Amino acid sequence: MVMGYVIDPDWQHKGIATEVCTAIMEYAGNYLDFPRLNALTERENAASIALLEKIGFFCVGETHVTGSRTLRYVYEFCGGNHCNHKENKI
């Protein structure tokens, strides 16, 4: 499953991305039995990095996607519960 989003500048900084991402995390952990979620964001996208870290993702390194410097973030589930232990890096 792959998901992406763009929020119009008029609607940014209103908590919409946090609400949507948190709902997706809850659904993935409770109904889809995913062991982890991965997120990619451009290194220069400070707002997305701050959001991912705020909701419990941690950076596991840089990857290259279509030629851009992209950071990979991970959120770990523990048996359907949110635990996100940084020592569980992949």
Side-chain angles (χ1 to χ4, degrees):
M1 179 170 83
V2 177
M3 183 196 77
Y5 63 87
V6 176
I7 298 177
D8 185 277
D10 291 341
W11 292 93
Q12 293 175 2
H13 307 291
K14 298 182 186 305
I16 295 169
T18 301
E19 188 173 334
V20 169
C21 290
T22 302
I24 290 167
M25 292 166 66
E26 291 291 329
Y27 188 82
N30 294 329
Y31 298 102
L32 301 178
D33 197 30
F34 283 7
R36 76 188 57 80
L37 296 175
N38 292 282
L40 300 176
T41 188
E42 292 179 354
R43 188 182 248 335
E44 298 80 19
N45 193 337
S48 286
I49 291 169
L51 168 65
L52 290 169
E53 292 176 353
K54 173 183 172 181
I55 61 177
F57 281 76
F58 58 92
C59 186
V60 295
E62 187 173 295
T63 187
H64 294 279
V65 178
T66 63
S68 66
R69 294 170 42 197
T70 305
L71 296 175
R72 179 174 170 232
Y73 280 77
V74 172
Y75 185 91
E76 296 280 347
F77 293 103
C78 294
N81 298 315
H82 299 271
C83 69
N84 202 26
H85 299 294
K86 288 187 180 182
E87 60 270 13
N88 289 344
K89 289 183 185 179
I90 304 166

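Not measured: the values here are computed from a predicted model.
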Q: With the side chain counted from C-beta on, respond yes when T18 and I55 share a heavy-atom pair under 4.5 Å apart, and no when they do not.
A: yes

Q.
What's the separation between atom CZ in R43 and atom CD1 in I49, rounded to the nearest 0.5 Å?
A. 7.5 Å

Q: Drop me the distance from C21's SG to K54's NZ, to the nearest 0.5 angstrom.
A: 10.5 Å

(Q) Could you tell me if the side chain of T70 sits less than 4.5 Å from the side chain of H64, heavy atoms only? (A) no

Q. Can you hop from I24 to W11 via hydrophobic side chains spaced under 4.5 Å?
A. yes

Q: Kindly check if the number of other-residue, nucleotide or ligand heavy atoms within 6.0 Å of CD (E42) is above 12?
A: no

Q: Give the cluster check for L71 versus Y5: same hydrophobic cluster or not, with ILVMFWY residues linked at side-chain heavy-atom distances below 4.5 Å.
A: yes

Q) Is the shortest side-chain N to carboxylate O distance from R72 to E62 below 4.0 Å? A) no

Q) Do Y31 and M25 belong together in a cluster built from hydrophobic side chains that touch within less than 4.5 Å? A) yes

Q) After noting the C-alpha distance and the side-chain angles of Y75 and F77, does the key distance pass the ring-ring contact (aromatic ring centres under 6.0 Å, His included) rule? A) CA-CA 7 Å; Y75 185 91; F77 293 103; 5.2 Å; yes

(Q) With a 4.5 Å cut-off on side-chain heavy atoms, are T41 and Y73 touching? (A) yes

**Q.** Inter-residue atom distance L51.CG - I16.CD1, 0.5 Å rounding
**A.** 12.0 Å

Q.
Can you tell me if E19 has over 12 outside heavy atoms packed within less than 6.0 Å of its CD?
A. no

Q: Output the distance between atom OG (S48) and atom CG (L40), rounded to the nearest 0.5 Å.
A: 11.0 Å

Q.
Strictly distance-based, threshold 3.5 Å: is any side-chain N or O of Q12 a donor or acceptor partner for the main-chain N or O of I7?
A. yes

**Q.** Separation between CZ of F34 and CD of E76, rounded to the nearest 0.5 Å
**A.** 13.5 Å

